[in-house]
Each structure stands twice: as structure tokens, then as C-alpha cells.
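For ligands, and for the atoms within them, numbers begin at 1 and follow the listed sequence.
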Amino acid sequence: MNIKEYLKVYFIMGSNNCKGDPRVVLKEAIAGGITMFQFREKGEGALQGKEKYQLAYDLQQICKQHEVPFIVNDDVDLAIKLGADGIHIGQEDEKAYIVKEKAPHQLIGVSVHSIEELQQAIKDKADYVGMGPVFPTTTKTDTKAVQGTNLIQQARQQKIDFPIVGIGGITAENAEKVIQGGADGISIITAISLAMSPKQAAEQLLQAVK
Ligand code: TZP
Ligand code: MG
């Protein structure tokens, strides 16, 4: 499968995004058809040290059993130690080309908020970019302004055929708009992690992007 296929329904989660056991949530989300997973352990009450490592390890094992790529957010050392399938970084993290040098065989994703940042990510040999917030979200508080699909559309108008995933406030109801705007896929946290049935939520999201 190529990266654009993996981006279709890209589920992101850390322990504070779940009401119950994140392992159970991930298993359900996989049963519902998510195409990639990112471990994003940050913010209030985020696990540290051994506990963080243990959760990451457990979630990676679940992903391996189901052949779902496992990506680590921010923590390059953890990603390398675990032999994760990829690393996702933001503009405030280590530069993408340095991460690519440290982890040449891992997928590198970068969050971008302008065409310049997108072009830099391409130059730095990133494998995909995340763009958002597409819609209002309360899951991440320090986001840039809500941008709809403007930036994604701009990139496509400029004929930039690079893997792009939209993020921020995406649900089964609005997912189609993100794809119509030119994204290859959607990344979601709470529409799956806090759903009554993460399995059903993932199924509906997958249906919406098809
Ligand atoms: N980056 C931009 S918005 C966001 C991140 C990590 C949070 C997305 O969470 P949700 O619950 O899918 O709106
Ligand atoms: Mg970051």
C-alpha cells in the first residue's frame, strides 16, 4: 500500500484522549478499518518515562498484529527505540531533514500551515504533511487559525501532488469536504477516541472518504 492509502483514515490518540483503556479503543478502531495510527502522548496528564514507553509498546504490538502502520508523534528517540513505522513532527520540533537522517527508513510526517512550510517539508524529504485545523477543534488548544480546506486547495491548484492529510474537527459528517478539497485522507482524534463505539465511528469515517 502506498502512503496516500495509509492516510485515508489516520487515527491519532494518546491516553488523555480516551475515557477507557487506549488499547481497547485502538483495537476497536482497527476493527472499524483505520488505515494508520499515531501515538500522540501529550498535554494534561500525559504519561512519562516507563509508563509512556509501555503504552507505546502495547499499542505498537496491536498495530503489528493487524498490519496497521504505527507512527510516533514528536518523540524521535522513542520512535527509533521502538522501531516505529514513522515519526510525526511539528514546526516547533526537530527539523524534518535531521529526523530523516536519524531515521532514514521511517515515514516522516510534518504539520504545515503554509505553502512555504509545505515546500520546505518536501525539500526535507518528508513523506506526507498534515494540514489544519480544517474545522474548529477543542482537542488541541494551541492551534493556528481554522483554515477550512483553503491551504489544501491552494496546494492542489499549484499542482503539488504530495501526500496531504487534513486534521482538526473532522467527523463522518464533514469528512467528505476535506477529500473534495484535495486531501488524500483525514486524521482524527476525538471523533473516534471518544465515540460510544470507536469501531462504528471508524467505519463511518472510512465510508465517508471512499
Ligand atoms: N493538530 C491540529 S488540530 C489537532 C491537532 C493535533 C487536533 C485534532 O483533534 P480532533 O479531536 O480530531 O479535532
Ligand atoms: Mg510536535
Side-chain angles (χ1 to χ4, degrees), residues 7-19 22 25-26 29 32 34-44 46 48 52 56 71-80 84 86-100 102-103 106-114 117-118 120-121 124 126-152 164-179 181 183 185-196 198 201-202 204-206 208-209:
L7 292 178
K8 286 258 171 323
V9 181
Y10 183 9
F11 178 41
I12 301 174
M13 176 192 74
S15 57
N16 65 6
N17 302 124
C18 301
K19 292 222 172 87
V25 174
L26 179 60
I34 62 159
T35 50
M36 190 150 82
F37 173 69
Q38 180 189 123
F39 176 61
R40 181 176 178 274
E41 188 66 20
K42 65 199 291 183
E44 219 183 294
Q48 312 264 349
K52 178 180 177 185
I71 312 295
V72 172
N73 182 283
D74 282 4
D75 194 335
V76 179
D77 293 340
L78 176 65
I80 291 172
I87 306 167
H88 187 95
I89 51 172
Q91 294 296 321
E92 64 291 340
D93 300 313
E94 215 163 357
K95 295 266 174 268
Y97 77 92
I98 296 176
V99 177
K100 194 75 190 178
K102 283 189 183 173
Q106 279 153 320
L107 293 172
I108 307 294
V110 183
S111 298
V112 303
H113 311 92
S114 65
E117 287 178 1
L118 165 63
Q120 188 61 49
D124 287 349
D127 295 282
Y128 74 90
V129 293
M131 288 184 177
V134 179
F135 303 114
T137 177
T138 51
T139 309
K140 178 176 158 89
T141 47
D142 59 339
T143 58
K144 298 263 157 86
V146 172
Q147 47 172 265
T149 55
N150 288 340
L151 185 60
I152 302 172
I164 298 175
V165 67
I167 185 161
I170 300 175
T171 64
E173 284 69 43
N174 62 26
E176 207 183 320
K177 284 201 191 110
V178 187
I179 302 300
I186 50 171
S187 40
I188 43 269
I189 301 180
T190 51
I192 294 179
S193 73
L194 294 181
M196 290 275 276
Q204 288 168 350
L205 287 156
L206 186 62
V209 302

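- Protein N/O/S atoms found under 2.8 Å from the Mg ion (ligand 2), listed by chain and residue number: Asp74 OD1, Asp93 OD2.
- Remark: the Glu44 side chain and the Asn16 side chain contain no N/O donor-acceptor pair separated by less than 3.5 Å.
- Heavy-atom contacts of Arg40 reach the following atoms of ligand 1: 6 (C) (cutoff under 4.0 Å).
- None of Glu41, Arg40, Lys52 except one satisfies the side-chain hydrogen bond (donor to acceptor under 3.5 Å, both in side chains) rule with Ser15; the exception is Glu41.
- Across Ile188 and Ile170, no two heavy atoms sit closer than the pair CG2-O, 3.2 Å.
- Polar contact check, Thr190 against ligand 1: a nitrogen or oxygen pair lies under 3.5 Å apart.
- The minimum heavy-atom distance between Phe11 and Ser193, with the atom names listed, is CE1-N, 3.8 Å.
- In this structure, atom 12 (O) of ligand 1 lies nearest to the protein heavy atom Ile189 N, 2.9 Å.
- In Lys95, the NZ atom is not crowded: 12 or fewer heavy atoms of neighbouring residues, nucleotides or ligands sit closer than 6.0 Å.
- Scanning all protein heavy atoms for the shortest distance to atom 1 (N) of ligand 1 gives Lys140 CD, 3.4 Å.
- Atom 13 (O) of ligand 1 has as its closest protein heavy atom Thr137 OG1, 2.6 Å.
- Atom CD of Glu92 has more than 12 neighbouring heavy atoms from other residues, nucleotides or ligands inside a 6.0 Å radius.
- Within the 3.5 Å criterion, the main-chain N or O of Tyr97 finds no donor-acceptor partner in the side chain of Lys102.
- Looking only at heavy atoms of the protein, atom 10 (P) of ligand 1 is closest to Thr139 OG1, 3.5 Å.
- Taking both residues in full, the closest heavy atoms of Thr149 and Lys177 are given as CG2-O, 3.7 Å, listed atom of the first, atom of the second, then distance.
- The atoms of ligand 1 that sit less than 4.0 Å from any heavy atom of Ile188 are 12 (O).
- Shown here for Gly169 and Thr137, the closest heavy-atom pair between the two residues is N-CB, 3.8 Å.
- Put simply, the side chain of Gln38 never gets that close to the backbone of Tyr10: no donor and acceptor are under 3.5 Å apart.
- Ligand 1 has at least one atom lying under 4.0 Å from a heavy atom of Gly169.
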